[in-house]
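Below is one structure, written out as structure tokens; the observations come after it.
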Amino acid sequence: MSAEPRVLDVDELIDDPETRVVVCCGSGGVGKTTTAAALALRAAERGRQTVVLTIDPARRLAQALGLRELGNHPRKVSVAGFEPKGELWAMMLDMRRTFDDMVRVHAGPERAEQLLANRFYQTISTSFSGTQEYMAMEKLGQLAATGEWDLIVVDTPPSRSALDFLDAPTRLSSALDGRMIRLLTSPARAGGWGLRKVVSAGFSMFAKAVSTILGGQLLADASAFMQAFDSTFGGFRERATKTAELLRSQGTSFLVVAAPEPDALREASYFVERLSEESMPLSGLVANRTHPVLADLSAIDALAAAESLERGGTAAPLATAVLRLHADRVALAEREERLLARFTRAHPTVPVVRVPALPSDVHDIAGLRDIGDRLAGSTDHETRSAGS
Amino acid sequence: MTTLAGWTDELARTRLHFVTGKGGTGKTTLAASLGLALASGGRRVLLIEVEGRQGFAQVFDTEPLPYAEQRIAAAPGGGEVRALHIDVEAALLEYFEMFYNLGFAGRTLRRMGAIEFATTLAPGLRDVLLTGKIKECVGRTESGGRHVYDAVVVDAPPTGRVVKFLDVTRALTDLAKTGPIRGQAEGVVRLLHSGETAIHLVTLLEEMPVRETLEAVAELDGADLRPGAVLVNRVRPPRLPARSVTAAADGRVDASRVRAGLAAAGLQLPETTLDALVEETVEHAIRVAAEQRSRDQLAEADLPTLELPESTGGVDVAALYELAESLVEQGVR
């Protein structure tokens, strides 16, 4: 079986007016944020009204976009020398503020203040591990609803697992769903949940234990919060489900970003499988920061030459170094190719684009544009690496 | 290269090692290798993971770990490494079993999501339970009074969350003022802030991981927790003579000298190949120069620093032993 994957055509994706939302996902540390920014920049230069929603950008990326800081609302990127055919807007998610705003919009002023001051709300809005993911979706929903942009590029939170992004809203909504707290605060009614008697007795015991450990105050806070929340939002579960629907709607595409490393590719595999199970549209895999070989010279020949120089006593330290670093690069490229071939054997229909690593970090528009070119496959690196 | 202090005597006295780092830096791999290194020469080490990721099972290429301490590897010189995957829900049920007789309702509660819900209500409860179990493993003794484990290595949450995880005092504000879990937690606080505990930081020689490492060190200091060593992972050999790096990173590589050297080795290459070799050299030099800047920044942390080579074949079980050997060579004991 051939391990040659279909090539992902990024320009076809971003030029298609039907493409309204591109979600960049993948495990932490693979360069998702930079990929999202580079993609958005390219789309803007090709004429789209684009906004990029970033989660946790390096300070230098914000600077690269000419923004001292990215706020919770999109700001237009305008830097000397950047005159896109379309427009580029950028923002960074502030999960607490997004949550606060959501509460303020939906609850009356009085109830909103009540909710915001609740101690349990403070915990949920800052510490619960699914909140950031959920708020990213909430914000995406808001941006989409304005209709001001025809393309939204979303970066996803830096979780260890790419799947967290899909699972977090469900986790948050089952935590905020009123059922469990009602059980805990009035376990006598647990029977109504169809529990067998013995479990119901166990549950009373559990509720008592939880209240001993957490303290009655926290449970009372939580209960008050859920009641207010429920009457405001008519059940969080429905709201979360509705927001998550956006990810399934037409015009949304997923790009899975992975470094050519076993862990990142394993996460990418899980994610690809999950998207297909849930019939969510996957555009392809961005194999980020690859190291294609540039010079057409085998590692064996390079090492043999380096050794002969060292043995022969000819002092040619520069040439020896050049030969050895070339051999290192060939070994690295071969390893990356092996890992990517393994991915393609497991997922033969997933288009892949290789994005050769830049030698240094991106810190300006030119750097992002360069990555955009690499994403679109239009670099001389690609063609030359074919010779290796 | 800056002079590197290896493993200090203070670190050698540490019994509880936390390994943290930015996501993607190889934290789990190095925690596993550190466990092997500490176990070499006949000692017994327990590896603990707390995030439900089964990372140790993956790096050791074994079945997913149950909530039980089981042997996962033999260390050079007769040592033994065991691994434990702490499941928060199981740990909470264990507590409840101890203090309240829940009977077999436990499993149903779990299926209903009741236990996850309790830990959601109070995220601090999760951390108190995990650190409580860790303390129990560190303190456990055999009948003769000897510690069951000579050292315990924890694959800790990533740098962004590690201080919150270890700051049990703060987590306790989530819990009732009295109660069984609280009583035990006070002992945990003493252990985590003692000389028996160190928090090691895994980084790569790249901008973001280095920045997160320095931020984490400051945060640990602020919380009165002891940063241990900086473990620099995936260090690739610098090939260029040090004096050529700056010029080459600037694009200045003497192509005629390269051509002459290659000719001396009997290699006659077309001009395009030579140009490509020069381009590879420039990219290499830019990386080496950036890595040196990262090293200089890391030196600000003023911590013992160990460097681990990149395993060209990728990380498999054999690579774990190689990394462990490298740690031992740099003084880990």
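Chain letters run A, B, ... following the sequence lines, proteins first and then strands; every chain starts at 1.
- Electrostatic pairing of B/Arg211 and B/Glu207 does not count as a salt bridge here, judged by no charged N lying under 4.0 Å from a carboxylate O.
- The parts of A/Ala321 that come within reach of chain B are both its backbone and its side chain, each placing non-hydrogen atoms under 4.5 angstrom from that chain.
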>> For B/Asp155 and B/Thr28: C-alpha separation, side-chain torsions, deciding distance, then whether side-chain hydrogen bond (donor to acceptor under 3.5 Å, both in side chains) applies.
In response: CA-CA 6 Å; B/Asp155 182 7; B/Thr28 307; 2.7 Å; yes
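- For B/Leu267, the part lying near chain A is the side chain, with the backbone staying farther off; criterion is any non-hydrogen pair under 4.5 Å.
- Neither the backbone nor the side chain of B/Leu204 comes within contact range of chain A, judged by heavy atoms closer than 4.5 Å.
- With a 4.5 Å cut-off on non-hydrogen atoms, B/Arg236 touches chain A through its side chain but not through its backbone.
- Ion pairing between a basic and an acidic side chain is recognised when a charged N comes within 4.0 Å of a carboxylate O; A/Glu336 and A/Arg289 show no such pairing.
- With respect to the salt-bridge test (charged N to carboxylate O, under 4.0 angstrom), the residues B/Glu51 and B/Arg161 qualify.
- Only the side chain of A/Leu323 comes within contact range of chain B, with heavy atoms under 4.5 Å apart.
- A side-chain donor-acceptor contact under 3.5 Å links B/Thr159 and B/Glu212.
- When heavy atoms are compared at a cutoff of 4.5 Å, B/Ala290 does not approach chain A at all.
- Ring orientation note: the planes of A/Phe225 and A/Phe120 are nearly perpendicular, at an angle over 60° on the 30°/60° scale.
- Using a 4.5 Å cut-off between heavy atoms, B/Arg293 does not touch chain A at all.
- Looking at A/Leu325, both its backbone and its side chain come within 4.5 Å of chain B, counting heavy atoms on both sides.
- Using modelled atom types, one finds no donor on one side chain facing an acceptor on the other under 3.5 Å when comparing B/Glu49 with B/His85.
- Comparing B/Gln58, B/Glu280, B/His284 by how many heavy-atom pairs each has under 4.5 Å with chain A, the most go to B/Glu280.
- Salt-bridge formation is not detected for the pair B/Lys22/B/Glu206: no Lys NZ or Arg NE/NH1/NH2 atom is positioned less than 4.0 Å from an Asp or Glu carboxylate oxygen.
- In terms of non-hydrogen atom pairs under 4.5 Å with chain B, the most contact-rich of A/Asp328, A/Leu297, A/Leu339, A/Leu358 is A/Asp328.
- The greatest number of non-hydrogen atom pairs below 4.5 Å with chain B, out of A/His326, A/Arg338, A/Glu334, is found for A/His326.
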